[in-house]
Amino acid sequence: MKQNDDRYFQFPLFLFRNFMYDTEKCLNDIVCYGLYDLSNKLNIDLFRMLEHTIYTYYRGGLPNEIKERLTKFAELGEIDFNENYLGFSGQGDFEPTTEMEQLEMIFNTDNDFYLEVCKWFKKVSVINFFEISGNYDAILQKGKIIAESIPDKEPFPMIDKNKLFEFRDEEKTEFQLIVFAANVGMRSILGTKPYCKTTKELILCRAFGFNTMRDLEKEKPPLFKKYFNRYQTDKILNEIEIGNWNLFRYSSQNMRGMFIAYKRRISLEKLVEVVEEKSRKRKIQQLKNSKIIARENAMKKIVESQLNSNEYSNESVTSTTP
DNA sequence: CGATGCTTAGGCCGGTGTGC
DNA sequence: GCACACCGGCCTAAGCATCG
């Protein structure tokens with residue numbers, strides 16, 4: 001797992017459909033899916049797992065089965081636990097090097113035990129990351145159900161972990177919720193791109209958890225109508241731009257649609273440059289095309305007039321012939 | 001393939017509603 | 001009467017979609 005993924009939850013967009021109506025349930029579903037997803041993707045760091053297993057053995061808190069197995073291995077002399085130092089070095093650092101090496105040897109010969117410890121370690125890692133207090137297995141089960149019902153071509157936006165818990169646990173106004181939702185909508189459109197072109201309509205559509213306007217029309221949320229107007233969309237987008245959302249927008253004069261971008265991925269100056277250069281190149285291409293067309297038309301005319309003059313000359317020839 | 005119509009963002013503006 | 005939030009209409013030009 002990469003360092004910068006640590007702070008984000010990634011989830012299928014459709015979970016967001018009830019965000020405006022039942023925020024807590026929506027965000028808890030996202031946590032369930034995130035937990036399930038992480039438990040699948042998590043790569044085990046063997047060193048940390050060895051260390052944490054020894055640490056938890058000394059400190060207490062291992063599942064009984066694992067603890068009993070370790071005790072047995074100790075009785076057989078395959079691992080030496082030092083009940084005086086409890087894994088701490090003379091300098092006071094937790095460095096159970098010998099125990100870890102011995103445990104690794106045990107893992108190499110007893111694959112079932114290794115897998116059992118992996119399962120436990122994964123669980124504690126995930127619980128630690130998500131700071132959850134609920135029933136881990138139930139959450140995992142729910143996450144699995146969600147994962148199995150993801151539609152095709154579903155966008156997967158990401159939410160900052162702290163923001164997610166903030167919105168789940170603190171009271172928010174409807175406008176604060178729609179701003180958060182629009183932020184998610186924008187992220188679902190951007191994906192991994194630093195910037196891209198879109199419309200206000202699609203941002204709002206995604207904010208309500210729908211992939212396309214076609215999907216949204218099937219079960220249009222009442223609040224979509226409330227917020228999809230000039231004043232409200234501008235207010236929402238302005239709020240996102242001045243707030244701490246790492247997002248901004250740019251629309252060239254009279255252009256159809258707008259560009260949205262991550263502040264941390266591209267500067268306003270750079271985006272404007274890119275957008276105006278695109279428009280300049282398009283204009284140049286249009287000029288080229290119109291010149292080609294003009295030339296073709298001119299050539300046609302010339303050919304036609306030559307044909308005509310030939311006809312006249314032929315006529316004159318035939319007329320003079322007896 | 002080209003002409004045409006349609007959609008879109010944003011500047012501007014007038015009108016309505018609300019609280020003081 | 002005043003300040004402010006809200007809403008939709010009109011307008012422009014870009015550029016996308018579509019039709020013949």
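Note that the structure is predicted; figures quoted are calculated from it, not measured.
Atom CD1 in A/Ile236 sits about 11 Å away from atom P in C/dC6, given to the nearest Å. Rounded to whole Å, the distance from CD1 on A/Ile260 to P on B/dA9 is 12 Å. One interatomic measurement links the two molecules: NZ of A/Lys226 to C1' of C/dA5, which rounds to 13 Å at whole-angstrom precision. When rounded to the nearest whole Å, the span between CE of A/Met255 and C1' of B/dC6 equals 17 Å. We find that CZ of A/Arg280 is positioned 14 Å from P of C/dG15, with the value rounded to whole Å. Protein atom CZ of A/Phe228 is 13 Å distant from nucleotide atom P of C/dC7, rounded to whole Å. The CG-P distance, from A/Asp234 to B/dC12, rounds to 13 Å in whole Å. Rounding to whole angstrom units, CZ of residue A/Phe259 and C1' of B/dT8 are separated by 14 Å.
Between A/Gln253 and the phosphate of B/dA9, there is no side-chain N or O to OP1/OP2 separation shorter than 4.0 Å. Between A/Tyr231 and the phosphate of C/dC7, there is no side-chain N or O to OP1/OP2 separation shorter than 4.0 Å. Side-chain nitrogen and oxygen atoms of A/Asn254 include none within less than 4.0 Å of the OP1 or OP2 phosphate oxygen of B/dA9. Proximity of A/Arg249 to the phosphate of B/dG10: a side-chain N or O atom is located under 4.0 Å from OP1 or OP2.
Relative to the six-membered ring of A/Phe167, A/Lys172 meets both conditions, a distance below 6.0 Å and an angle of at most 45° to the axis. By the 6.0 Å and 45° rule, A/Lys263 does not stack over the aromatic ring of A/Trp245.
Between C/dC7, C/dA14, C/dC6, one nucleotide has an atom nearer to the side chain of A/Asn229 than all others, and that is C/dC7. Listed nucleotides B/dG10, C/dG8, C/dG15 differ in distance to A/Lys200; the shortest reach to its side chain belongs to B/dG10.
Looking at A/Arg230, its side chain comes within 3.5 Å of the base of B/dG11 through a donor and an acceptor atom.
A donor atom on one side chain and an acceptor atom on the other are not found under 3.5 Å apart for A/Ser125 and A/Asn128.
For the segment residues 171-180 of chain A, no residue has any heavy atom less than 4.0 angstrom from an atom of DNA chain B.
You'll find the ring centres of A/Phe11 and A/Phe156 outside the 6.0 Å limit.
Ring planes of A/Tyr195 and A/Phe259: tilted class, angle from 30 to 60°. Ring-plane geometry between A/Phe19 and A/Phe16 is classed as parallel, the angle between the planes falling under 30 degrees on a 0 to 90 degree scale with a further cut at 60. Between A/Phe107 and A/Tyr114, the ring planes are perpendicular. Angles over 60° get that label, and only those under 30° would be called parallel. A perpendicular orientation is assigned to the rings of A/Phe9 and A/Phe165, their planes being inclined by more than 60° (bins at 30° and 60°).
Among the candidates A/Glu277, A/Arg282, A/Glu276, the single residue satisfying the side-chain contact (heavy atoms from CB on, under 4.5 Å) test with A/Arg280 is A/Glu277.
Five base pairs at each end of the helix from B/dC1-C/dG20 to B/dC20-C/dG1 define two local axes, and these are offset by 30° (rounded to 10°).
Criterion: ILVMFWY side-chain heavy atoms under 4.5 Å apart, direct or through other members. Under it, A/Leu271 and A/Leu247 are not part of a common hydrophobic cluster.
Residue whose closest nucleotide on DNA chain C sits further toward the 5' end, between A/Gln232 and A/Lys197: A/Gln232.
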